[in-house]
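A note on names: the letters A, B, ... follow the listed sequences, proteins ahead of strands, and every chain is numbered from 1.
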There are 2 protein chains.
Amino acid sequence: MSTSRTDPLTLEVVDLIGTVVARYHEEYEEAAARYRLTGAQARVLGLLAMEPTAMRRIARQLKCEPSNVTGIIDRLEARGLVERRPDPADRRVKIAAATEEGHRTARGLRDALHFAREPLAELSPQERRTLRDLLRRMLGDVRVVPGDVQADA
Amino acid sequence: MSTSRTDPLTLEVVDLIGTVVARYHEEYEEAAARYRLTGAQARVLGLLAMEPTAMRRIARQLKCEPSNVTGIIDRLEARGLVERRPDPADRRVKIAAATEEGHRTARGLRDALHFAREPLAELSPQERRTLRDLLRRMLGDVRVVPGDVQADA
DNA sequence: TATTGTTATACTCTATAACTATA
DNA sequence: TATAGTTATAGAGTATAACAATA
């Protein structure tokens, strides 16, 4: 399989994707830094701005150990961006939720992500559709949309 | 500028790119872990497998402070994957280079990166060309190819 | 017993500042 | 004096193991 590994065209596309990945991260870290957040903190805040989430579930979404989430939430909570709430249904679980200020920060963070807009603005709607379709096929198309549905675990 | 920010098509493309970025990183970390390397170590080893490089330059390419490179190279050197050589031209600089085993590891690492091949294999040559052109335009086309030419500093 | 979140510990990456040896 | 690499230090993310509270 994959006779294409050394094919120049494939290599160039791979290289371009690498560039996209690199630029995406630069911009993400930059935007986070503007709010004095680390990448991990910004990522978690973004999650919580979508939906209050139990610690365990945050760990799954971050693909890290639950013990790490404690510290990240601690730091966000110390800055008033997040709060821990008890789960009425199960007294073992704690649900982390963005505060009002947390939501404001998450909004600002999202707006600061130039990458999401500027480069794509170069492309016409038709071209964006083409890009979308190619990316979909590249990713196998089996994209579970938002909620993540704990397809992990 | 950017009236497209809330346009569903653009949002979907942005989301797809986010998925590409996430998958790319997962695979990278996974491949590195298979060789008991951290992401940073794998990245540096990859660099050095291309070309022996002075400490300062490694820092620029990693976009981190030079002091951090010392530790990363220390750990790679302790495992026999990298060695430090003096620069005949300037006795202040040290040049890090991959050892034979370092080159072998870098090769294995590269081969382990399925992402580079599998997903692209789904696309026909014509589609890959289209994807290449779209990505090029998206990235502004001003891509300085490999060598990095210390376009930073 | 099993699970949730936490604590304790250790390692790596990161930035900052001060140091050394060259230049 | 300026630069290359290092050391020292501190903060953050990470994994592992052990623990309390709850299920």
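Between A/L76 and A/L45, the shortest heavy-atom contact is CD1-N, 4.3 Å.
You'll find that the side chain of B/R56 is closest to D/dA4, out of D/dT6, C/dC13, D/dA4. Listed candidates were C/dA15, D/dA4, D/dT14. Nearest to the side chain of B/V93 is D/dA4. Residue A/T38 places its side chain closer to D/dG13 than to any other of D/dG13, D/dA15, D/dT22.
The nearest whole Å value for the distance from the CZ atom in A/R79 to the C1' atom in D/dG11 is 14 Å. Atom CG of A/N68 is separated from atom P of D/dG13 by 9 Å (rounded to the nearest Å). In this structure, the CG atom of B/L76 is 17 Å from the P atom of C/dC11, given to the nearest Å. For the pair B/R43 CZ and C/dT14 C1', the computed distance is 12 Å after rounding to whole Å. Rounded to whole Å, the distance from CD1 on B/I72 to P on C/dT12 is 11 Å. If you take CD of A/E29 and P of C/dA15, they are 10 Å apart, rounded to a whole angstrom. Straight-line distance from the CG atom of A/D87 to the P atom of C/dT4: 11 Å, rounded to whole Å. Rounded to whole Å, atom P of C/dT7 lies 13 Å from atom CD1 of A/I73.
Between B/K94 and D/dT6 there is a side-chain polar atom (N or O) within less than 4.0 angstrom of OP1 or OP2. Of the side-chain N and O atoms in A/R91, none sit less than 4.0 angstrom from OP1 or OP2 of C/dT4. For C/dC11, the OP1/OP2 oxygens have no side-chain nitrogen or oxygen of B/R75 closer than 4.0 Å. Phosphate proximity of D/dT3 to B/R92: absent, as no side-chain N or O sits under 4.0 Å from OP1 or OP2. At C/dT7, none of the side-chain N or O atoms of A/S67 fall inside 4.0 Å of OP1 or OP2 (strictly under the cut-off). For the pair A/R57 and C/dT4, the criterion of a side-chain N or O lying under 4.0 Å from OP1 or OP2 is not met.
Of the two residues contacting DNA chain D, namely A/P66 and A/A40, the nearest-nucleotide position lying further toward the 5' end is that of A/A40. Each of A/L62 and B/M55 was assigned the nucleotide of DNA chain D with the nearest heavy atom; the assignment lying further toward the 5' end belongs to B/M55.
Residue contacts shown for B/R84 are limited to sugar-phosphate atoms, with no base heavy atom under 4.0 Å away. B/D90 comes within 4.0 angstrom of sugar-phosphate atoms only, judged by non-hydrogen atoms across all strands, and of no base.
Electrostatic pairing of B/E101 and B/R79 does not count as a salt bridge here, judged by no charged N lying under 4.0 Å from a carboxylate O.
For the pair B/E77 (side chain) and B/R84 (backbone), a donor-acceptor distance under 3.5 Å is present.
When A/V14, A/V20, A/V21 are each tested for a side-chain contact (heavy atoms from CB on, under 4.5 Å) with B/Y24, only one passes: A/V21.
Within 6.0 Å of atom CD in A/Q126, more than 12 heavy atoms from other residues, nucleotides or ligands are found, so the atom counts as buried in its surroundings.
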